[in-house]
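See below for the structure under consideration.
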Amino acid sequence: MEYKSEKEFLAAYNPDEFKRVSITADVLLLSVSSYESDNYRKTDEKHMSVLLIKRDTYPFKNKWCFPGGFVQYDENLDDAPARILKSETNLTDIYLEQIYTYGDTKRDPRMRVLSTAYMALVDKNKLVGKISDNASWFDIKILEENNIIDIFLTNGEKDITVKIKKVLREATTDRYDFEIVENKDLAFDHAKVLLSGIERLRNKVNYTDIVFNMMPEYFTLGELQTVYEVILNKKLLDPAFRRIIEPKVVKTDKMRTGEGHRPSVLFKYKNNK
């Protein structure tokens, strides 16, 4: 049928003729955890960590997933993750970046659901109030060999292991797809989201100041270097790191003393307002 105007078309339009697609927003919330060292001469040990929620309803009951939920009908897509984080963690005004939209037809057994995943970065010291009872921070360890990636997550009580295979999709751009080989405890396709988000973070650390979203207002250069090393999963040479980071930080008149450590000068991010 031909319509004479858009108004005529909209008047005759029947949305029930089309199958419905639902949209969710899932938030990969990353931080860096600190553990006090037994040796006062050493910087506290740090690990990258992710916030997971234990599902108490089907599907995937008792499995773990990221904070997430359906995008409301009258809600802008990019407003959804901020609302979800506020509800789940009491966090507001933190760094959020869209990673990717996942649309495998079988990713959700309930219905056809597309998920737009976001990466959020936070210094856990900024957490205000109590997170939900079914939420927990898990430390992350990733090992890669011959395009097989093993992910280990632990919160001290629960251990989660995931095995993922990297499959080359496009040789000219070095783009890969991720195939889940083993996964018992993470719901939906969140194992892929976790890996994609960490790879995005590692790439952006090299050419942006994104890491300062995970730092407190004041920090030592040693602490900052350790966070870079945790994210990149490699040791950095002290002199080279200091040269690269020098334009990004400002030396303050504050010192960290006590706790068995030698006094250390504290710095802050140069663009902090």
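For I164 against A191, the heavy-atom pair with the smallest separation is CD1-O, 3.7 Å. Taking each heavy atom of A120 and I94 in turn, the nearest pair found is CB-CD1, 4.0 Å. Residues M119 and G197 approach most closely at SD-O, 3.5 Å, considering heavy atoms. Scanning all heavy atoms of the two residues, the minimum distance from R55 to C65 falls at CG-SG, 3.6 Å. Nearest heavy atoms, N155 versus S136: ND2-OG, 3.1 Å. Here the closest non-hydrogen pair linking G68 and D26 is CA-OD1, 3.5 Å.
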Notebook entry, point to check: side chain to side chain contact (heavy atoms under 4.5 Å, CB included) between Q225 and D238: does it pass, once the steps are laid out?
Noted result: CA-CA 8 Å; Q225 181 173 336; D238 293 357; 2.7 Å; yes
Next item on the list: List the steps, then state whether side chain to side chain contact (heavy atoms under 4.5 Å, CB included) holds for N213 with V122.
Entry: CA-CA 6 Å; N213 291 287; V122 67; over 6 Å; no
Next item on the list: Before giving the answer on side chain to side chain contact (heavy atoms under 4.5 Å, CB included), spell out for H47 and I140 the whole-Å C-alpha distance, their side-chain angles and the decisive distance to 0.1 Å.
Entry: CA-CA 7 Å; H47 296 275; I140 306 169; over 6 Å; no
Notebook entry, point to check: When you look at V27 and L96, which way does the side chain to side chain contact (heavy atoms under 4.5 Å, CB included) test go after all the steps?
Noted result: CA-CA 9 Å; V27 183; L96 277 164; 4.1 Å; yes
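Under the 4.5 Å side-chain heavy-atom criterion for grouping Ile, Leu, Val, Met, Phe, Trp and Tyr, L224 is connected to L236 within one hydrophobic cluster. A continuous path of Ile, Leu, Val, Met, Phe, Trp and Tyr side chains, each step under 4.5 Å between heavy atoms, connects L30 with Y102, placing both in one hydrophobic cluster. Under the 4.5 Å side-chain heavy-atom criterion for grouping Ile, Leu, Val, Met, Phe, Trp and Tyr, L194 is connected to I149 within one hydrophobic cluster. Criterion: ILVMFWY side-chain heavy atoms under 4.5 Å apart, direct or through other members. Under it, V181 and I198 are not part of a common hydrophobic cluster. At a threshold of 4.5 Å between side-chain heavy atoms, the hydrophobic network of Ile, Leu, Val, Met, Phe, Trp and Tyr places F66 and F70 in two separate groups.
Under 3.5 Å, the side chains of T154 and D139 contain no donor-acceptor pair of N or O atoms.
For the atom pair CG of N203 and OG1 of T208, the computed distance is 10.0 Å after rounding to the nearest 0.5 Å. Distance check: K46 NZ to E229 CD gives 11.5 Å after rounding to the nearest 0.5 Å. Here I99 contributes atom CD1 and S115 contributes atom OG; the two are 9.5 Å apart, rounded to the nearest 0.5 Å. The OG1 atom of T101 sits 7.0 Å away from atom CG of L77, with the distance rounded to the nearest 0.5 Å. Atom OG of S31 sits about 6.0 Å away from atom CG of D123, to the nearest 0.5 Å. Distance CD/E179 to CD1/I148: 9.5 Å, rounded to 0.5 Å.
For L237, the CG atom counts as loosely surrounded, since its 6.0 Å shell holds 12 or fewer non-hydrogen atoms of other residues, nucleotides or ligands. More than 12 heavy-atom neighbours from other residues, nucleotides or ligands sit within 6.0 angstrom of NZ on K248.
Taking the six-membered ring for Trp and thresholds of 30 and 60 degrees, H190 and F188 have ring planes inclined between 30 and 60 degrees apart. F212 and Y269 have parallel rings, their planes meeting at less than 30° on a 0 to 90° scale where 60° marks the start of perpendicular. The aromatic rings of Y228 and F241 sit perpendicular, their planes meeting at an angle over 60°, well past the 30° parallel limit.
Panel note: side chain R202, backbone I231; a donor-acceptor pair is recorded below 3.5 Å. The closest donor-acceptor contact from the side chain of N183 to the backbone of L186 lies under 3.5 Å. Of the possible donor and acceptor atoms, none in the side chain of K165 sits under 3.5 Å from a partner among the backbone N and O of N147. Of the possible polar contacts, none joining the R200 side chain to the K204 backbone as a donor-acceptor pair under 3.5 Å is found.
Residues T220 and L266 form a side-chain contact, since some pair of their non-hydrogen atoms from C-beta on lies under 4.5 Å apart. Counting heavy atoms from C-beta outward, S49 and W137 have side chains that approach closer than 4.5 Å. Counting heavy atoms from C-beta outward, L232 and N206 have side chains that approach closer than 4.5 Å. Considering only heavy atoms from C-beta on, T226 stays 4.5 Å or farther from F219 through its side chain. Counting heavy atoms from C-beta on, the side chains of I210 and V205 come closer than 4.5 Å. In this structure, L153 and L52 have side chains that are in contact, with non-hydrogen atoms separated by less than 4.5 Å. T116 places a side-chain heavy atom less than 4.5 Å from the side chain of Q98. Inter-residue side-chain proximity for K158 and K54 is flagged as unmet; no heavy-atom pair is nearer than 4.5 Å.
When the salt bridge (Lys or Arg N to Asp or Glu O under 4.0 Å) test is applied to R110, the partners found at least two apart in sequence or on another chain are D108. For D150, the salt bridge (Lys or Arg N to Asp or Glu O under 4.0 Å) partners at least two apart in sequence or on another chain are K163.
Using a 4.0 Å cut-off between a side-chain N of Lys or Arg and a carboxylate O of Asp or Glu, K268 and E217 qualify as a salt bridge. Between K270 and D209 no salt bridge is recorded (no basic side-chain N to carboxylate O distance below 4.0 Å).
In this structure, Y176 has its ring center no closer than 6.0 Å to that of F178.
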